[in-house]
Amino acid sequence: MAEVTNKQVLLRDYVSGYPKESDMYVTTSTLKLKLPEGSNGVLLKNLYLSCDPYMRNRMRKHLSPTYYAESFKPHSPISGYGVAEVLESGDSKFKQGDLVWGITGWEQYSIINATQSLFKIQDTDVPLSYYVGILGMPGMTAYAGFYQLCSPKKGEYVFVSAASGAVGQLVGQFAKLLGCYVVGSAGSKEKVDLLKNKFGFDEAFNYKEEADLDTALKRYFPEGIDIYFENVGGKMLDAVLLNLRVHARISVCGMISQYNLEHPEGVHNLMNLIIKQARLEGFVVTSYYHLYPKFLEFILPSIKQGNIVYVEDVAQGLDNAPAALVGLFLGRNVGKQIVAISHE
């Protein structure tokens with residue numbers, strides 16, 4: 001029975017305000033590469049880890065029992081989506097050598113008992129890292145939030161905030177494939193150029209350079225917005241509410257501008273939901289995982305034919321994982337932020 005060192009990323013303590021690298025620390029323990037006797041779990045070698053904005057909320061203590069993801073525990077490894085190789089399995093659905101994606105630990109090796117959160121990877125003709133991005137949770141989020149909640153139609157006017165991120169870059173491309181007019185917002189010139197020149201958005205703007213978001217949206221949507229894919233919240237949502245068309249739909253995926261605030265900003269223009277007979281709906285992607293096979297049928301041919309492209313921002317090694325995660329909230333990443341642990 002081999003015993004290995006297992007590098008891990010642990011949460012130091014619950015976080016207030018913007019997370020810092022020092023809120024996490026890297027340590028090394030030892031692990032026997034063997035499942036406990038009678039285990040129904042799997043022993044994984046982690047290959048890639050995903051940095052996702054929702055992880056910020058798991059750094060708080062105040063989460064209610066009904067929250068969709070429990071708080072991280074101080075001085076324990078944090079967890080999130082990853083791609084891994086199965087080294088040993090006590091679950092008949094998986095065998096040694098299988099590749100999987102799903103919830104794993106931020107460590108080199110993990111024993112996962114909740115195997116229902118793992119998906120076996122069947123198609124390896126694409127980069128394995130895609131399974132924490134376009135072929136994993138972010139891809140499913142874009143697919144469910146756009147197609148299922150928004151019921152888009154050709155020719156509609158679509159706005160995507162945080163549009164160069166893991167989810168936003170896909171929503172915009174889905175909308176373009178459908179024949180919609182698409183505008184995205186992002187936080188730098190580099191990201192705006194990416195939206196227009198690589199992802200094919202019709203227009204894009206840097207929200208940091210806009211003195212008035214309402215004026216900016218009226219510039220790009222003189223006839224109003226049919227679909228808003230919400231990743232930001234706060235002032236951006238308030239401005240969008242002033243620019244809705246009749247029967248508009250707002251799919252609420254995330255509100256990254258609010259995650260680090262002790263007192264979230266209020267929203268003042270909700271009356272426009274009534275005036276425009278609009279719908280605003282939040283969702284959690286895990287409620288749509290039953291659609292994953294259908295999603296793969298749609299997305300894999302599009303990737304292989306070059307109809308959809310995906311940009312990743314890759315940090316190397318667990319030592320750089322805390323900085324990569326914190327970078328999400330400072331706008332440092334360009335595209336989907338991942339951490340590569342092992343390429344084997």
Side-chain angles (χ1 to χ4, degrees), residues 11-24 51-75 78-80 141 145 149 159-168 184-188 191 205-217 225 228-244 248 250-275 278-285 322-333 337:
L11 182 70
R12 192 176 301 279
D13 204 349
Y14 296 116
V15 176
S16 296
Y18 276 81
K20 307 178 294 298
E21 290 178 45
S22 59
D23 291 322
M24 295 163 274
C51 296
D52 296 300
Y54 84 93
M55 296 171 73
R56 170 62 186 87
N57 288 326
R58 300 186 66 193
M59 294 177 171
R60 300 180 188 272
K61 186 178 183 179
H62 65 75
L63 298 183
S64 71
T66 57
Y67 192 75
Y68 64 88
E70 64 182 12
S71 296
F72 298 137
K73 294 179 174 60
H75 306 294
I78 66 175
S79 62
T141 300
L149 271 72
F159 177 50
V160 185
S161 58
S164 69
V167 176
S185 65
S188 71
K191 293 176 182 179
F205 65 91
N206 182 348
Y207 70 90
K208 295 178 181 177
E209 295 179 346
E210 300 293 341
D212 186 287
L213 292 172
D214 176 34
T215 299
L217 290 174
I225 296 168
Y228 173 43
F229 199 95
E230 167 68 301
N231 289 310
V232 170
K235 294 179 177 63
M236 186 66 81
L237 174 58
D238 237 4
V240 167
L241 289 168
L242 294 172
N243 289 277
L244 299 179
I250 301 176
S251 176
V252 185
C253 172
M255 293 191 173
I256 195 170
S257 73
Q258 306 300 296
Y259 294 163
N260 300 306
L261 303 181
E262 292 303 302
H263 302 286
E265 297 171 329
V267 178
H268 306 282
N269 298 318
L270 289 171
M271 179 65 78
N272 289 278
L273 294 175
I274 302 170
I275 296 168
R279 187 177 81 241
L280 182 150
E281 184 175 355
F283 72 104
V284 176
V285 68
L325 181 56
V326 168
L328 289 181
F329 307 100
L330 302 174
R332 288 201 297 245
N333 61 301
Q337 182 66 66

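The structure presented is a predicted model; accordingly, all values stated were derived computationally and were not measured.
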Interatomic spacing from CE in M55 to CG in L11 - rounded to 0.5 Å: 10.0 Å
Test item: S257 and M236 side chains (from C-beta on) under 4.5 Å apart, heavy atoms: no
If you look at every heavy atom in A239 and L213, which pair is closest and at what distance? CB-CB, 3.7 Å
The criterion is side chain to side chain contact (heavy atoms under 4.5 Å, CB included); which residues satisfy it with A278, sequence neighbours excluded? L244, A248, L273, K276
If the condition is side chain to side chain contact (heavy atoms under 4.5 Å, CB included), which residues does N206 pass it with, not counting sequence neighbours? V192, K208, E209
Mind checking what makes salt bridge (charged side-chain N to carboxylate O under 4.0 Å, His left out) contact with D23, not counting sequence neighbours? K20
Quick check: closest heavy atoms across R332 and E21, and the distance to 0.1 Å? NH2-OE2, 4.3 Å
Give, for atom CD1 of I274 and atom CE of M271, the distance between the pair rounded to the nearest 0.5 Å. 5.0 Å
Taking the inter-plane angle between the rings of F283 and F229 on a 0 to 90° scale, is it parallel (under 30°), tilted (30 to 60°) or perpendicular (over 60°)? perpendicular
Shortest non-hydrogen contact from F329 toward P19: CD1-CG, 3.7 Å
How far does CZ of R58 sit from CD of E70, to the nearest 0.5 angstrom? 6.0 Å
Mark yes or no for whether T141, through its side chain, and V285, through its backbone, hold a donor-acceptor pair below 3.5 Å. no
Can you tell me how far the OH atom of Y18 sits from the CG atom of L261, to the nearest 0.5 Å? 6.5 Å
Between CG on residue D238 and CG on residue L270, distance to nearest 0.5 Å: 7.5 Å
Smallest heavy-atom separation, N231 atom then A162 atom, equals CB-CB, 3.7 Å
Residues forming a side chain to side chain contact (heavy atoms under 4.5 Å, CB included) with S16, sequence neighbours excluded: E262
Any sub-3.5 Å donor-acceptor pair from R12's side-chain atoms to S22's backbone N or O? yes
Where do I225 and I250 land on the side chain to side chain contact (heavy atoms under 4.5 Å, CB included) test, with the steps shown first? CA-CA 10 Å; I225 296 168; I250 301 176; over 6 Å; no
If you take all heavy atoms of G233 and M255, which pair is closest and at what distance? CA-CG, 3.9 Å
The criterion is side chain to side chain contact (heavy atoms under 4.5 Å, CB included); which residues satisfy it with P74, sequence neighbours excluded? D13, Y14
Taking every non-hydrogen atom, the tightest pair across S251 and L149: OG-CD2, 3.8 Å
When you measure from the side chain of Q258 to the backbone N and O of E265, does any donor-acceptor pair fall under 3.5 Å? yes
Kindly compute the distance separating NE2 (H268) from CG (L237), expressed to the nearest 0.5 Å. 10.5 Å
Holding to salt bridge (charged side-chain N to carboxylate O under 4.0 Å, His left out), I want the full list of residues that pass it with D214, two or more places apart in sequence or in another chain. K218
